[in-house]
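Worth knowing before you read on, the calculation uses all heavy atoms, side chains too, and leaves out hydrogens, waters and symmetry mates. These numbers come from a predicted model, not from an experiment. Here is the naming used below: chain letters follow the sequence lines, and residue numbers restart at 1 for every chain.
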Amino acid sequence: MMIYQREFQSISENTIFRGDLYMSQYKHWIKSAEKDPSFPDKYNFVLIKTIKDLESLKKENIDADYCAWDIESTGLNPAEDNIVGVSIAFDSKTGYYIPINHLADPSLGDEALSIFYDIIMSMNKCFLFNCRFDMRFMEYAGYDMSEINYYDVQNACWLSDTNNKLPSLKEEALRFLGWEMQSYQETLGDEVSLYTVHPKDLTYYAATDAIATFALAGVTLDYYKESKPISEIDNKIFYPVMKVEEQSLNLNEQYLQEILDEARDELMELEKDIYKDFGHSFNIGSGQQLADAISKLGLDTGEYTKSGYMKTGKNLLDKLYQISGDEVLLKIIKYKELSKKINSYIEPLRRFARERPDAIRVCYHLNKVPTGRFASGRDKNNDFFITYNIQSSPKSEEEIWYTEHRPGNKDKSEFNIMGWEFSKEPISDRWLESSDSRRNVRRGFIPDEDYYWVSIDFKSEELFIPTMISGEPVWMEAFEENKDIHKQTAIRIFGEENYDKNKRQMAKACNFGILYGMNHYSLAERFNMEIKEAEQFINNYKRNLSTLFAWANRHKKKAKKTGTAYTYFGRPRRLAYYLNHDSYSMRSFGQRSAVNTTIQGSGADILKIVLWKLWNKVITHPDYSDAVDILAFIHDEICFQVRKDKMAEIIPKIVDIMEMQAPGWKLPLEVDFEIGHSWGLSFPFTFSSETGEFKPDYKIGDLD
DNA sequence: AAATGGGGCGCC
DNA sequence: AAAGGGCGCCCCATTT
């Protein structure tokens, strides 16, 4: 009782509840360093004025093992902007600025850049802060970076506390070194092009970046070491990811235009229809106006926003429909789905396809997600990339397709793949499930001519990982015997005799939800159950998967002790701030995150490990040059394009690499793959090593 | 006019 | 008191 009281009081004193507040007041795991009073006075900033000076610098440092360097450019887009100069440091005391392309002298030109290239290529390690930016600029300037020894310092800073998204050089220098750095932009404003700035005015700012990067490499090395072996993989994959990002994806503009027109027409009809039902027009996209309109019909979703108006989320509207039967609610849901699809996906893609068809580049952030996943989206203020999150591209509904071997029609349409015809018409008794071909956004992504789009994903990765880590026998058996894991879970909980499809759905939702800490209130809400019933269900669920939950509990305790949750491969996530917080909800968040980080994060680790192997053994392999490319990363799925004549050679190699078995795991991962003429219109296939042939993964006879 | 935060929703 | 992890982009309403 006492404990409950104390907790209750501390909550009323704290107004920290949910959402972004988990981050807004977050305190970094590393205590900030004392201010370094010797910075910048005791440091040297040197402008290289002649080629001769640069040659001397090269000679003086011919035996150096390490350097840090940094590019100054006219902008962020290497396809459009230019290198203005480069800074370099061989220790953390002295930084040099080498002007390459300035309006005023000294401006040493390409010859200097070439000498600079020789210097950095001779190093055992180049310390770089956000290495892809600098390497990309060098490659666009004509210098091959594939053989450079780089070490990304931003990554090491991030590993010290991965809750800190995209660490900045300035903030990390303050935290770890106590240096108060000022950027050039801060002093003189953004609009000034560095090209017109005099080299001597840029020297201090550019050279501090180099020495700060050098110094940070040293003081964050412990975190890199702590995070081995996965930190080494993190570091190695920057170059491969950079090359994946650099490719322009092909979009089918005509198709995107067609579905855009169609979707817009339907949306207008829907809009008219909704106005008619309400008797007046309003902005359906405005939460407030929509809430107002629905309230006036006498309907209430029962949930309200902070600012006091009724919430009108799709789930709430659907529930309200279940109660009231009011058809207009379904129309609103449809309207929301369609406008989302148009505004976030179809229209932007159509626009990119039209305006910049050769520059459909997708950005991945590698030091942003606390668990270690990649994030996809725009690179702020850098239009080298499109503003598009490829990882959230909509999937169309699954539907039944029929297939038949018709090698004569081979590849004459997007419905014939390797001699197999696919149709919604029952052209044979062989059937399988795949995405709808209608208004299918992913169908807008197409490979180069003479290539297939190949998507390969890990089978049930998010359940496989906790199974291998915990040894949970119920799930282990399902994986070992290749059974449907959700069905097996449902049978275990409800008993074989009570099993039905609905029970499977429920078990499936729980398999993902409860493991991450979903409680009985949410479960009851989601499945329209009594709270008591939901509570019983969860208890039953946990009892039947006792090995799994015993692991989860041990894991939470361990995280509390060390303040850190580690992935299976060693990536840390700091949780001390949450686990020791006054607020109950913050502590709960910490516990949920401890379990989730290890599962989600180990999955992310696997993607990175596999990428590194694929890069070396397949993508850059001389036998497969121009025959295979990685096109996208979707967490547990990698999209490739594979040249048609090399399919049988390459796909088994990729599969073999992806189906890795981590040390200590009872089983290897398994993958599924789909092949098609686009991302959206692709079908599950299998490969037989005996015949060397691909075959759709179909079933024969009755649909079940 | 531009920046910001909330609500909402697409994906894994 | 709040009650599943992770992300980015959209629109809107409000603030600067």
Side-chain angles (χ1 to χ4, degrees), chain A residues 4 7-20 22 24 162-163 165 283-291 303-307 309-317 333 336-337 339-345 347-348 362-365 368-380 386-395 441-442 457-458 460-462 509-526 531 534-535 538 565 573 583-601 603-604 607 633-637:
Chain A
Y4 182 79
E7 287 187 339
F8 184 80
Q9 279 170 11
S10 71
I11 290 152
S12 9
E13 285 157 16
N14 278 290
T15 49
I16 299 159
F17 298 118
R18 276 208 61 79
D20 293 340
Y22 285 138
S24 69
T162 61
N163 296 306
K165 298 163 198 299
N283 187 348
I284 307 169
S286 158
Q288 289 179 27
Q289 292 182 43
L290 182 59
E303 287 194 35
Y304 294 84
T305 68
K306 277 187 213 163
S307 38
Y309 62 88
M310 191 175 83
K311 285 193 173 194
T312 52
K314 263 174 54 178
N315 286 343
L316 290 173
L317 294 184
I333 290 172
K336 281 168 174 260
E337 285 172 350
S339 57
K340 166 94 173 169
K341 212 171 208 180
I342 292 171
N343 294 331
S344 294
Y345 304 102
E347 195 282 330
V362 172
C363 172
Y364 295 93
H365 289 296
K368 195 163 193 186
V369 184
T371 59
R373 272 188 174 181
F374 293 179
S376 153
R378 81 175 139 194
D379 190 19
K380 214 174 168 233
I386 55 173
T387 298
Y388 185 77
N389 177 359
I390 197 167
Q391 295 175 328
S392 73
S393 299
K395 289 178 103 167
V441 172
R442 294 187 178 201
D457 69 303
F458 296 108
S460 303
E461 193 187 23
E462 291 247 309
C510 293
N511 284 346
F512 292 108
I514 295 178
L515 191 53
Y516 302 146
M518 184 197 246
N519 68 13
H520 49 284
Y521 292 97
S522 308
L523 186 71
E525 184 130 335
R526 181 153 170 187
I531 288 171
E535 198 175 1
I538 290 181
R573 179 175 182 189
S583 143
Y584 172 82
S585 52
M586 290 293 247
R587 290 197 300 280
S588 302
F589 175 76
Q591 295 189 6
R592 295 194 294 269
S593 298
V595 175
N596 178 260
T597 294
T598 297
I599 298 170
Q600 188 188 107
L607 182 80
F633 305 104
I634 323 286
H635 305 305
D636 66 346
E637 167 187 357

Given B/dG10, C/dG6, C/dG8, which nucleotide is nearest the side-chain atoms of A/Glu337? B/dG10

Let me know the distance between CD of A/Gln600 and P of C/dG5, rounded to the nearest Å. 11 Å

Tell me: CZ of A/Arg587 to C1' of C/dG4, nearest whole Å? 18 Å

How would you label the contact of A/Gly517 with the nucleic acid (heavy atoms, under 4.0 Å): base, sugar-phosphate, or nothing? sugar-phosphate

No-H, no-angle donor-acceptor pair, A/Lys340 side chain to B/dC9 base, under 3.5 Å: yes

Are the side chain of A/Tyr364 and the backbone N or O of A/Gly377 linked by a donor-acceptor pair below 3.5 Å? no

Does A/Lys311 make a side-chain N or O approach to OP1 or OP2 of B/dG6 shorter than 4.0 Å? no

Nearest-Å distance, CG (A/Asn343) to P (B/dC9)? 13 Å

Strictly below 4.0 Å: does A/Asn389 bring a side-chain N or O up to OP1 or OP2 of B/dG10? no

Would you say A/Ser522 places a side-chain N or O within less than 4.0 Å of OP1 or OP2 belonging to C/dG4? yes

Expressed as a whole number of angstroms, how long is the span from A/Arg442:CZ to B/dC12:C1'? 9 Å

Side-chain N or O of A/Gln288 less than 4.0 angstrom from OP1 or OP2 on B/dG6? no

Between A/Lys165 and C/dC7, is there a contact of a side-chain N or O with OP1 or OP2 at under 4.0 Å? yes

Would you indicate which nucleotide in C/dC10, C/dG5, C/dC12 comes nearest to any side-chain atom of A/Ser593? C/dG5

For C/dG4, the Watson-Crick or wobble counterpart (both distances under 3.5 Å): none

I'd like to know if A/Arg592 reaches the base of C/dG6 with its side chain, counting only an N/O donor and acceptor under 3.5 Å. no

Rounded to whole angstroms, how far apart are CD1 on A/Ile390 and P on C/dG8? 15 Å

Over 12 foreign heavy atoms within 6.0 Å of CG, A/Asn315: no

What nucleotide, of B/dG7, B/dC9, C/dG6, holds the atom closest to the side chain of A/Val369? C/dG6

Looking at the base of C/dC9, is there any donor atom on it, or on the side chain of A/Arg378, that sits under 3.5 Å from an acceptor on the other one? no

Please classify the nucleic acid contact of A/Thr312 as base, sugar-phosphate, or nothing, using heavy-atom distances under 4.0 Å. sugar-phosphate

Any A/Lys368 side-chain nitrogen or oxygen under 4.0 Å from OP1 or OP2 of C/dG8: yes

Please determine, for the side chain of A/Arg373, which listed nucleotide (C/dC10, C/dG8, B/dC12) has the closest atom? B/dC12

CD1-NZ distance between A/Ile634 and A/Lys395, expressed to the nearest 0.5 angstrom: 9.5 Å

If I take atom OH in residue A/Tyr516 and atom P in nucleotide C/dC7, what distance separates them, rounded to the nearest angstrom? 14 Å

So which nucleotide from B/dG7, B/dC9, B/dG10 ends up closest to the side chain of A/Pro394? B/dG10

Need one value for A/Glu637: base, sugar-phosphate or nothing, where a base atom within 4.0 Å counts as base even if backbone is also close, heavy atoms only. nothing

OP1, OP2 of C/dA13 versus side-chain N and O of A/Ser286: anything below 4.0 Å? yes

Could you tell me whether A/Ser376 contacts a base, only the sugar-phosphate backbone, or nothing, with contacts defined as non-hydrogen atoms closer than 4.0 Å? sugar-phosphate

Proximity of A/Tyr309 and A/Tyr304 rings by center, below 6.0 Å: no

Interatomic distance, A/Leu316 CG vs B/dG7 P [rounded to whole Å]: 13 Å

Check whether any side-chain heavy atom of A/Ser393 lies under 4.5 Å from a side-chain heavy atom of A/Tyr388, and answer yes or no. yes

Shortest non-hydrogen contact between A/Ser376 and A/Ile390, atoms and distance: OG-N, 3.1 Å

With a 4.0 Å cut-off on heavy atoms, is A/Phe512 in touch with a base, just the backbone sugar-phosphate, or nothing at all? base

Considering just the side-chain nitrogens and oxygens of A/Asn596, establish if one lies under 4.0 Å of OP1 or OP2 belonging to C/dG6. no

Closer than 4.0 Å, any side-chain N/O of A/Lys336 to the OP1 or OP2 of B/dG8? no

Between B/dC11 atom P and A/Lys314 atom NZ, what is the distance in whole Å? 8 Å

Any side-chain N or O of A/Lys306 less than 4.0 Å from the OP1 or OP2 oxygen of B/dG5? no

Whole-Å P distance, B/dG7 and C/dA2: 14 Å

Pick base, sugar-phosphate or nothing for A/Ser588, based on heavy-atom distances below 4.0 Å to the nucleic acid. nothing

Going through the distances and angles, do A/Asn519 and A/Ser522 end up as a side chain to side chain donor-acceptor pair (under 3.5 Å)? CA-CA 6 Å; A/Asn519 68 13; A/Ser522 308; 3.3 Å; yes

Give, for atom NE2 of A/His635 and atom CZ of A/Phe374, the distance between the pair rounded to the nearest 0.5 Å. 10.0 Å

